[in-house]
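Report on the following structure.
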Number of protein chains: 2
Amino acid sequence: MSDTYHHGNLRQALIETGIRVINESGEDALSLRKVAAACNVSHAAPYAHFKDKDELIEAIKRSVTEQFMEELNDAVDSAVDSENAIIDMGKRYISFFLRKPDYYKFLFGRQNIIAHLKIGEETDEDYPPFILLKKTYLKYLKEKGIKKNRKEQGIELLKIWASAHGLAAIACMSGVVPPFDWNEMLEGDDLLR
Amino acid sequence: MSDTYHHGNLRQALIETGIRVINESGEDALSLRKVAAACNVSHAAPYAHFKDKDELIEAIKRSVTEQFMEELNDAVDSAVDSENAIIDMGKRYISFFLRKPDYYKFLFGRQNIIAHLKIGEETDEDYPPFILLKKTYLKYLKEKGIKKNRKEQGIELLKIWASAHGLAAIACMSGVVPPFDWNEMLEGDDLLR
DNA sequence: CTCCAATCTTGACAGTGTAAGGTTATTATA
DNA sequence: TATAATAACCTTACACTGTCAAGATTGGAG
């Protein structure tokens, strides 16, 4: 009947307006019906693209994670060496979520993307930010000529990641920018000791 | 009519069954009506004790935080000195939430208790776990005879807290126990560098 | 004994996720 | 070009949710 019976690109539209809602009012304000309405579509139309609400949320999470990865990739690309790359990744890790606190709660609040992560092993590391950190870290070790065994590497990687993530978490929770000089983290060859 | 018209201690019962629900099925499964039913009470009875659902959730959060504090207090009490107290606090910080991952998501997922935290200042630090950490840390500095100015103290405190919190977060998210030797965090006098 | 405040019940409402089944537009095929 | 198949979308319906208003019940203070 009407010429807009078919939306054309509903799936992407749902994801984008979903992100907008979360960014404006947080995850709690995200309802399938509201998102559908914002896309000028009936409240059950999303089910043509997503099995249920969780599947839409997961798609949105992937999309937000991609935004996050752009930030981290940019840090790596614009750094003069791997050491500065790691430092800048840490800074951006925090500033990204500090700029959008709702993203932090959304990504890490409920069931999240980091599903079956094996730290210190090379299997199943399917969380892109961690993969990038690990890659950069190994390059850093090589650049500096530092020798460490697998376990030591895993622990140090975890320390770096946990510090960044923890600071981001605290920053988002308290709304206070950590007075933290990230450079201190990577001084000398015993970083993060 | 019935001799159980008045529950007697409904408020506490709601909080306790709420905790049980979250512990068993996560925060998403927490509904006022179900909690009320579990207390053998009509679906609107909770409104005599809590303004709305958020107020019940906040009460539950306070209760869970108390459980958490018991753990941390026990760490401090059973430690031989402040250094070991901090180490054990970190271990328990992680093990507590690892034992009950739903608690982590519940406490830190959405709007959380850590509201207006001033790090490095002495006002408004109304988050009990942080207060305890700070107290223990200052005692540690005194025991070791370490001199640091306010800002340095704040940064170091934040590092310790962020590491513990970050590791707990990652552990809960990935379900993997961090292969992290907490003792390394506090070696020497430049801990966490 | 009376009154009152706290507590609980009942009933209603709008908003939610989602299942079932119908409708339209696009694409493939003959 | 005509038709069949499929994917995208719609309508209807239902159970469940949080919340509110109005009234019933109770225990305790005066």
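Proteins come first, then strands; the chains are lettered A, B, ... in the order of their sequence lines, and each starts at number 1. Note that this is a predicted model, so its numbers are computed, not measured.
Of the two residues near DNA chain D, B:Lys51 and A:Ala44, the one whose nearest nucleotide lies more 5' is A:Ala44.
Rounded to whole Å, the distance from NE2 on A:His49 to C1' on D:dC9 is 8 Å. For B:Arg11 and C:dA6, the CZ to C1' distance is 14 Å, given to the nearest whole Å. A straight line from CG of A:Leu14 to P of D:dA8 spans 12 Å, rounded to a whole angstrom. Rounded to whole Å, atom P of C:dC8 lies 11 Å from atom CZ of B:Phe50. The separation between A:Asn9 atom CG and C:dA25 atom C1' is 16 Å, rounded to whole Å. Atom CD of B:Glu27 and atom C1' of D:dT17 are 15 Å apart (whole Å). If you measure from atom CD of A:Gln12 to atom P of D:dA8, you get 14 Å, rounded to the nearest angstrom. Residue A:Tyr47 contributes atom OH, which lies 17 Å from atom P of D:dC14 at whole-angstrom precision.
In this pair, A:Phe108 and A:Tyr104 present their aromatic rings tilted. The plane angle is within the 30 to 60° band. The aromatic rings of B:Phe97 and B:Phe68 are tilted relative to each other, their planes meeting at an angle between 30° and 60°.
Of the listed residues (A:Val76, A:Ile160, A:Leu72), just one forms a side chain to side chain contact (heavy atoms under 4.5 Å, CB included) with A:Thr136, and that residue is A:Val76.
Base engagement by B:Ala45 is indicated by at least one non-hydrogen atom pair under 4.0 Å involving a base atom.
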What does the list of N/O pairs under 3.5 Å between the protein and nucleotides 12-16 of chain C look like, with a distance for each?
residue: C:dT16; atom: OP1; partner: A:Ser31; partner atom: OG; Å: 3.4

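Formation of a donor-acceptor pair under 3.5 Å by the B:Gln153 side chain with backbone atoms of B:Lys148 is found in this model.
A donor-acceptor contact closer than 3.5 angstrom links the side chains of A:Gln12 and A:Glu16. Under 3.5 Å, the side chains of A:Tyr137 and A:Glu156 contain a donor-acceptor pair of N or O atoms.
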